[in-house]
Chemist: 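Let me begin by handing over the structure; questions about it come next.
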Amino acid sequence: MERKVRVRFAPSPTGPLHMGGVRTALYNYLFAKKHGGDMLLRIEDTDQTRYVLGAENYIIESLAWCGITFDEGVHVGGPHAPYRQSERKEMYKQYALQLIESGHAYYAFDSMEELDAMRENLKAANVASPQYNYITREGMKNSLTLPSDEVARRLAAGDAYVIRMKIPRKEEVRVVDLIRGNVLVQTSQMDDKVLFKSDGMPTYHLANVVDDYLMKITHVIRGEEWLPSAPLHVLLYRYLGWEEVMPEFAHLPLLLKPDGNGKLSKRDGDRLGFPVFPLQWQDPFTEEISSGYRENGYIPAAFINMLALLGWNPGTPQEIFSMSELIEAFSIERISKSGAKFDSAKTKWFNQQYLRQTSSEDLAKIFATEIQAKGFDYPITYIQAVCELVKEKAQFSNEFWSLASYFFEEPNSFDMDLVRKKWKDAVPAFMANLAADLNSIDQFDALSIEDLFKVCAEKNGISAGAVMQIFRIAISGQAAGPAIFELTSLIGKERIVKRLNFAINQFNTIA
RNA sequence: GGCCCGUUCGUCUAGGGGUUAGGACAGGAGAUUUUCAUUCUUCAAACAGGGGUUCGAUUCCCCUACGGGCUACCA
């Protein structure tokens with residue numbers, strides 16, 4: 001029987017979710033939706049020592065901003081609730097005990113010091129990989145080496161213990177990975193991983209397998225850092241008697257630093273000048289702030305589009321994808337095997353593409369709140385017209401103010417070096433004439449202004465081109481901007497004439 | 001160190017036993033826009049190395065190098 005596709009995104013609330021995590025969530029989401037399946041959000045908070053307050057909310061909020069939705073999870077509930085592992089604590093122990101029962105796990109009573117000493121000894125003896133395994137467990141304090149009455153006594157006395165997996169000595173474990181094919185590992189290379197900790201919590205390995213089984217997960221799509229422990233998980237399914245319904249695995253290549261080596265990390269963002277997190281995050285302990293894509297003016301769909309193409313491609317030249325197009329085109333087979341260096345320049349390009357696609361009407365709505373926040377009151381139609389003019393010049397919506405502030409407030413500072421260069425000969429006279437001429441016309445549309453401008457220049461024996469830039473500076477304060485006569489028309493006759501006269505005064509004082 | 005995974009332009013990638021090895025970003029040059037941005041044209045840029053297999057390998061196999069991950073009572 002074909003099972004309904006069910007995938008999960010299962011982060012640990014140890015800090016903000018970085019873009020690599022978002023991509024993992026995205027691929028899970030795309031896969032689920034492509035196959036009409038379910039997407040769950042499970043919080044893996046089995047390590048209380050690393051729990052960070054606010055991280056869970058951050059994760060939920062980030063994914064919502066990205067447009068990744070869930071069918072079940074901590075925030076939306078569902079038939080397999082609770083979805084927070086700390087709240088499922090009581091469920092795990094029975095499975096660990098079941099494994100002891102069947103001879104696939106055992107109690108271990110070793111202290112941290114004893115474990116350290118064991119590893120030190122092995123290192124000193126030049127053992128290639130010092131680990132708690134089929135050889136070393138013979139020399140440690142566990143239910144395999146201790147007499148059964150002592151084990152019973154220790155357990156009854158409440159001695160601290162962990163439950164370890166008993167990895168067979170000489171077997172080959174095969175992991176079938178949807179991206180990499182067969183991965184073979186010898187059990188002799190594996191160690192007796194702790195499944196159940198002395199604090200009563202399961203480790204990732206146990207909790208993960210138990211929950212995926214209980215929640216009927218069909219596909220585990222996760223980062224490549226989990227590939228080395230996948231054989232352990234396969235063994236766990238086998239020994240728990242769940243191999244028939246074991247999920248299929250897909251281990252995603254990692255996101256790498258744009259420069260140098262290694263996987264993309266928290267530090268890289270602010271070091272290299274781009275966000276690594278979807279949303280801004282303030283560390284609750286250090287109060288250190290890490291920037292976010294949202295706060296940097298990125299459109300979530302652009303961010304998602306970029307992420308989707310980092311490690312996956314549709315096999316066609318298409319690069320711009322809406323979420324539904326991504327769902328349509330997505331397939332695990334087309335995920336690449338090697339890690340991808342993150343490219344912030346391309347991310348900006350994606351945002352620019354999306355910004356262009358956004359209507360001036362929608363941009364105006366966003367921009368209007370910024371305008372209002374600054375205390376200005378302009379009709380939305382005016383703001384929309386400004387957006388129309390400025391849109392092509394921006395890469396981010398948060399650049400609008402610096403690009404367009406002069407549409408809303410009068411310029412009061414000018415690039416005087418430039419003015420000095422241009423403010424000579426017939427120019428001052430021309431500007432004075434222009435101000436008067438502009439003031440005298442009724443038709444203040446771009447074409448009429450342009451005609452008037454040219455005629456005025458000719459009257460003063462100057463080429464129109466020669467005075468275009470000083471005119472722009474006079475009315476906008478900036479040396480570059482949108483089509484000059486349209487801009488003039490939009491700002492309106494009264495304000496333009498006023499600005500011109502103000503600028504002429506200013507320019508005269510420095511000339 | 002050990003184990004596992006990987007390696008096509010600077011970056012993301014397509015391709016696949018015989019190709020002028022394609023696209024995009026970034027970069028260079030030019031044109032348009034009497035500004036900037038846009039747009040257009042154009043240039044430069046890659047199969048890690050060595051062995052096989054083969055009539056022929058960038059493509060398949062092996063080795064080396066390099067890169068990455070893992071190696072906790074963290075996930």
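This structure is a prediction, so every number in the text was calculated from the model and none was measured. The figures here come from the full heavy-atom set of this structure, side chains too, leaving out hydrogens, waters and symmetry mates. Naming convention: chains lettered A, B, ... in sequence-line order (proteins, then strands); numbering from 1 in each chain.
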Chemist: For A/Trp349, which residues count as a ring-ring contact (aromatic ring centres under 6.0 Å, His included) partner, sequence neighbours excluded?
Modeler: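 Once residues adjacent in sequence are excluded, A/Trp349 has no partner under the ring-ring contact (aromatic ring centres under 6.0 Å, His included) criterion.
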Chemist: Please write out the pairs of protein N or O atoms and N or O atoms of nucleotides 38-44 of chain B separated by less than 3.5 Å, giving the distance to one decimal.
Modeler:
from: B/U38; atom 1: O2'; to: A/Glu392; atom 2: OE1; distance (Å): 2.8

Chemist: If the condition is ring-ring contact (aromatic ring centres under 6.0 Å, His included), which residues does A/Phe407 pass it with, not counting sequence neighbours?
Modeler: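 With neighbours one apart ignored, the set is empty.
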Chemist: Name the closest nucleotide to the A/Leu227 side chain, picking from B/U35, B/C25, B/C4.
Modeler: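 Selected nucleotide (nearest to the side chain): B/C4.
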Chemist: Map A/Ala464 and A/Val183 onto RNA chain B by nearest heavy atom, then report which one ends up closer to the 5' terminus.
Modeler: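 Per heavy-atom nearest nucleotide, the more 5' residue is A/Val183.
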Chemist: On the 0 to 90° scale, with breaks at 30° and 60°, tag the A/Phe330-A/Tyr27 ring pair as parallel, tilted or perpendicular.
Modeler: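 The rings of A/Phe330 and A/Tyr27 sit tilted, inter-plane angle from 30° to 60°.
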Chemist: Any chance you could measure A/Leu144, atom CG, to A/Arg137, atom CZ, to the nearest 0.5 Å?
Modeler: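 So the gap between those two atoms works out to 6.0 Å.
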Chemist: If you restrict it to nitrogen or oxygen atoms, what contacts under 3.5 Å exist between nucleotides 63-68 of chain B and the protein, and what is each distance?
Modeler:
from: B/G68; atom 1: OP1; to: A/Gly262; atom 2: N; distance (Å): 3.1

Chemist: List the residues meeting ring-ring contact (aromatic ring centres under 6.0 Å, His included) with A/Phe109, not counting sequence neighbours, and say none if there are none.
Modeler: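 None.
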Chemist: Name the orientation class of the two ring planes belonging to A/Tyr239 and A/His104 (parallel below 30°, tilted from 30 to 60°, perpendicular beyond 60°).
Modeler: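 Aromatic pair A/Tyr239/A/His104 classed parallel.
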Chemist: With sequence neighbours left out, what residues match A/Glu458 under side-chain contact (heavy atoms from CB on, under 4.5 Å)?
Modeler: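 In terms of side-chain contact (heavy atoms from CB on, under 4.5 Å), with neighbours along the sequence ignored, A/Glu458 is linked to no residue.
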Chemist: Would you check if the distance from the ring center of A/Phe507 to the ring center of A/Phe414 is below 6.0 Å?
Modeler: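 Yes; A/Phe414 has its ring centre under 6.0 Å from that of A/Phe507.
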Chemist: Any cation-pi pair here, A/Arg164 with A/Tyr132, using under 6.0 Å and within 45°?
Modeler: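 Relative to the ring axis of A/Tyr132, which defines the angle, A/Arg164 lies inside both limits.
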Chemist: Hey, what are the protein-to-nucleotides 71-75 of chain B N/O distances that come in under 3.5 Å?
Modeler:
from: B/C73; atom 1: OP2; to: A/Arg119; atom 2: NH2; distance (Å): 3.4
from: B/C73; atom 1: OP2; to: A/Arg164; atom 2: NH2; distance (Å): 3.3
from: B/C73; atom 1: O2; to: A/Ser198; atom 2: N; distance (Å): 2.8
from: B/C73; atom 1: O2; to: A/Ser198; atom 2: OG; distance (Å): 2.7
from: B/C73; atom 1: N3; to: A/Ser198; atom 2: OG; distance (Å): 2.9
from: B/C73; atom 1: N4; to: A/Asp110; atom 2: O; distance (Å): 3.3
from: B/C74; atom 1: OP2; to: A/Lys197; atom 2: NZ; distance (Å): 3.1
from: B/C74; atom 1: O2'; to: A/Asp47; atom 2: OD2; distance (Å): 2.9
from: B/C74; atom 1: O2'; to: A/Arg50; atom 2: NE; distance (Å): 3.2
from: B/C74; atom 1: O2'; to: A/Arg50; atom 2: NH2; distance (Å): 3.4
from: B/C74; atom 1: O2; to: A/Arg50; atom 2: NH1; distance (Å): 3.4
from: B/C74; atom 1: O2; to: A/Arg50; atom 2: NH2; distance (Å): 3.2
from: B/A75; atom 1: OP1; to: A/Thr46; atom 2: OG1; distance (Å): 2.8
from: B/A75; atom 1: OP1; to: A/Lys197; atom 2: NZ; distance (Å): 2.8
from: B/A75; atom 1: OP2; to: A/Tyr204; atom 2: N; distance (Å): 3.2
from: B/A75; atom 1: O3'; to: A/Ser12; atom 2: OG; distance (Å): 2.7
from: B/A75; atom 1: O3'; to: A/Glu44; atom 2: OE1; distance (Å): 3.4
from: B/A75; atom 1: O2'; to: A/Ser12; atom 2: OG; distance (Å): 2.5

Chemist: Between the protein and nucleotides 13-15 of chain B, list the N/O to N/O atom pairs that are separated by less than 3.5 angstrom.
Modeler:
from: B/U13; atom 1: OP1; to: A/Gly311; atom 2: N; distance (Å): 3.0
from: B/U13; atom 1: OP1; to: A/Ser336; atom 2: OG; distance (Å): 3.2
from: B/U13; atom 1: O3'; to: A/Asn313; atom 2: ND2; distance (Å): 2.9
from: B/A14; atom 1: OP1; to: A/Asn313; atom 2: ND2; distance (Å): 2.7
from: B/A14; atom 1: O3'; to: A/Arg334; atom 2: NH2; distance (Å): 3.4
from: B/G15; atom 1: OP1; to: A/Arg334; atom 2: NH1; distance (Å): 3.4
from: B/G15; atom 1: OP1; to: A/Arg334; atom 2: NH2; distance (Å): 3.3

Chemist: Check side-chain contact (heavy atoms from CB on, under 4.5 Å) between A/Asp451 and all other residues, then give those that pass, not counting sequence neighbours.
Modeler: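 side-chain contact (heavy atoms from CB on, under 4.5 Å) check on A/Asp451 returns nothing, list empty.
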Chemist: Return the set of residues passing side-chain contact (heavy atoms from CB on, under 4.5 Å) with A/Ser265 (not counting sequence neighbours), or none when no residue passes.
Modeler: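 Applying side-chain contact (heavy atoms from CB on, under 4.5 Å) to A/Ser265 gives A/Lys257, A/Arg267, A/Asp268.
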Chemist: Quick one: on RNA chain B, does A/Ser463 or A/Arg180 contact a more 5' nucleotide (nearest heavy atom)?
Modeler: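 Whichever sits nearer the 5' end wins; that is A/Arg180.
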Chemist: Using ring-ring contact (aromatic ring centres under 6.0 Å, His included) as the criterion, list what pairs up with A/Tyr298, not counting sequence neighbours.
Modeler: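 In terms of ring-ring contact (aromatic ring centres under 6.0 Å, His included), with neighbours along the sequence ignored, A/Tyr298 is linked to A/Tyr293, A/Phe396.
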Chemist: Which residues pass the side-chain contact (heavy atoms from CB on, under 4.5 Å) test with A/Gln186, sequence neighbours left out?
Modeler: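 By the side-chain contact (heavy atoms from CB on, under 4.5 Å) rule, A/Gln186 matches A/Glu172, A/Ser188, A/Gln189.
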Chemist: Quick one: label A/Pro482 by what it contacts on the DNA or RNA (base, sugar-phosphate, nothing), any heavy atom closer than 4.0 Å.
Modeler: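 A/Pro482: base contact, heavy atoms under 4.0 Å.
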Chemist: Rounding to the closest angstrom, what is the interatomic distance between B/C73 and B/G52 at atom C1'?
Modeler: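 Approximately 49 Å lies between the C1' atom of B/C73 and that of B/G52.
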